[in-house]
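This report concerns only the one structure given below.
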Amino acid sequence: IKTNSISVNSKLIDDETNAIVLYEFADMYFDTEETFELIIDYHVIIKVLKPEGLKEADISIPLYKNEKAKEKVQQIRAASYTLNAGSINKQSLERKNIYIEDPLKFSEEYKISIPCVKPGSIIDYQYKLQTPFILNLKTWYFQSHLPKIKSSFIAKIPGNYLYNVS
C-alpha cells in the first residue's frame, strides 16, 4: 500500500484489521491574538480495508460546555477517495452530512458522515477545535482501536503556563 508517500508493508497489517490510520496529526496552540483560547488543528487519513471498516466514515467529535462557555468546531473539510476503473473518485463532505447530536447540559456531539465510502476507500478529514477550557488538555492516543502508521501531536504552550504531562 502506498499513499501520499506513506508506505505500508501488507505483512504488518493483521488479517482482522478493518481499517488503518495512515496519518494522524494534531497541532495544539493558544490563540494569543484574540481569545487566548486553546486551538487544536486535527487531520487524519484512514484507509478502509473491509466492509466492517465502513463505520470509520461516521465521525463523532465530543464537545464540552458549561453555563458560560463552550467548545466550537470550525473549518471542517472531509472527503472520500475511491479508485474506480483507473481514476480516483473524490466525494466531498456536504453540509447536510454535518449535525449536532445529544445536546446535554455539559456536552454535545458533533457528527460527520463522510459519503461514498467502501472497502478500498481513503477517508480524509480535518477540523479546527476551539476550546475555552485551557486547564483540561485533550488526551492524545498514539494507538487506538485502529492501528496507526504515523501519529504526531505538537503542543505549543506559552512559557508562563505549567502542565503536568502523564
Side-chain angles (χ1 to χ4, degrees), residues 1-29 31 35 37-65 70-104 107-131 137-156:
I1 301 169
K2 189 164 180 136
T3 304
N4 291 342
S5 75
I6 299 171
S7 59
V8 180
N9 183 338
S10 61
K11 294 178 186 176
L12 299 175
I13 300 173
D14 189 306
D15 288 340
E16 301 299 314
T17 302
N18 299 322
I20 187 166
V21 175
L22 299 174
Y23 175 76
E24 182 182 43
F25 174 79
D27 186 14
M28 183 187 76
Y29 56 94
D31 177 5
T35 62
E37 291 185 330
L38 190 60
I39 308 292
I40 301 169
D41 291 329
Y42 180 77
H43 185 192
V44 67
I45 300 171
I46 300 170
K47 178 162 178 108
V48 176
L49 302 174
K50 297 181 179 177
E52 295 83 4
L54 297 176
K55 64 184 177 189
E56 302 305 324
D58 296 322
I59 315 304
S60 175
I61 305 167
L63 301 174
Y64 302 102
K65 60 184 178 178
K70 69 184 232 173
E71 294 180 327
K72 298 175 202 152
V73 175
Q74 305 166 352
Q75 300 175 10
I76 297 173
R77 290 187 294 280
S80 66
Y81 300 87
T82 306
L83 189 60
N84 187 10
S87 65
I88 297 174
N89 180 23
K90 177 184 178 183
Q91 188 68 40
S92 295
L93 179 70
E94 296 178 13
R95 184 75 187 139
K96 69 180 181 179
N97 294 29
I98 303 171
Y99 56 96
I100 295 176
E101 187 176 273
D102 296 330
L104 301 172
S107 69
E108 60 191 23
E109 279 190 80
Y110 215 82
K111 298 279 195 164
I112 304 166
S113 184
I114 300 173
C116 300
V117 176
K118 58 185 181 180
S121 294
I122 300 286
I123 299 169
D124 183 351
Y125 68 92
Q126 54 190 314
Y127 59 85
K128 182 182 295 271
L129 176 78
Q130 183 175 351
T131 178
L137 301 183
K138 300 285 184 187
T139 302
W140 185 260
Y141 298 98
F142 286 97
Q143 289 297 330
S144 66
H145 71 287
L146 295 178
K148 296 181 183 180
I149 302 302
K150 185 172 183 176
S151 179
S152 299
F153 179 79
I154 298 173
K156 299 170 189 155

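Note that these values count all heavy atoms, side chains included, but never hydrogens, waters or copies made by symmetry.
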For F142, I'd like to know if atom CZ has over 12 heavy atoms of other residues, nucleotides or ligands within 6.0 Å. yes

Q75 meets the side chain to side chain donor-acceptor pair (under 3.5 Å) criterion, sequence neighbours left out, with none

Holding to side chain to side chain donor-acceptor pair (under 3.5 Å), I want the full list of residues that pass it with Q130, two or more places apart in sequence or in another chain.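 Applying side chain to side chain donor-acceptor pair (under 3.5 Å) to Q130 gives E37, Q74.
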
Residues which pass ring pair (Phe, Tyr, Trp, His ring centres under 6.0 Å) with F25, listed by chain and number, not counting sequence neighbours: none

For [X], check salt bridge (charged side-chain N to carboxylate O under 4.0 Å, His left out) against everything at least two apart and list the hits.
X: D41; value: K128
X: K55; value: none
X: E52; value: none

Quick test of your reading: applying salt bridge (Lys or Arg N to Asp or Glu O under 4.0 Å), list the pairs with at least one residue in residues 70-80, sequence neighbours left out, ordered by first then second residue. K70-E108, E71-K138

Scan for salt bridge (Lys or Arg N to Asp or Glu O under 4.0 Å) pairs involving residues 18-28, sequence neighbours excluded, and state none if there are none. E24-K148, D27-K156

How many angstroms lie between atom [atom1] of [X] and atom [atom2] of [Y], to the nearest 0.5 angstrom?
X: I20; Y: I45; atom1: CD1; atom2: CD1; answer: 12.5 Å
X: E109; Y: I100; atom1: CD; atom2: CD1; answer: 11.0 Å
X: I149; Y: I46; atom1: CD1; atom2: CD1; answer: 12.5 Å
X: I61; Y: I98; atom1: CD1; atom2: CD1; answer: 9.0 Å
X: Y81; Y: C116; atom1: OH; atom2: SG; answer: 13.0 Å
X: Y127; Y: I59; atom1: OH; atom2: CD1; answer: 9.0 Å

Assess whether side chain to side chain contact (heavy atoms under 4.5 Å, CB included) is satisfied between M28 and L38, documenting all intermediate values. CA-CA 7 Å; M28 183 187 76; L38 190 60; 3.6 Å; yes

How close do [X] and [Y] get, heavy atom to heavy atom, and via which atoms?
X: S152; Y: W140; answer: O-CZ2, 3.5 Å
X: Y110; Y: L63; answer: CD1-CD1, 3.9 Å
X: S92; Y: P115; answer: O-CG, 3.7 Å
X: K118; Y: L54; answer: CA-CD2, 3.4 Å

Indicate yes or no for a side-chain donor-acceptor contact from D124 to the backbone of A79 under 3.5 Å, with no hydrogens or angles considered.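 No; judged by distance alone, with no hydrogens or angles, the pair does not exist.
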
So, using side chain to side chain contact (heavy atoms under 4.5 Å, CB included) as the criterion, who are the partners of [X] when residues are at least two apart?
X: D31; answer: E33, E34, T35, I39
X: P62; answer: Y64
X: A57; answer: I114, V117, I123

Quick one: side chains of residues 82-90, donor-acceptor pairs under 3.5 Å with protein atoms, not counting sequence neighbours, listed by atom name and distance.
unit_1: T82; atom_1: OG1; unit_2: S121; atom_2: OG; d: 2.6
unit_1: S87; atom_1: OG; unit_2: N84; atom_2: O; d: 3.1

Over 60° means perpendicular and under 30° means parallel, so classify the ring planes of Y125 and Y42, tilted if in between.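 Rings of Y42 and Y125: tilted, 30 to 60°.
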
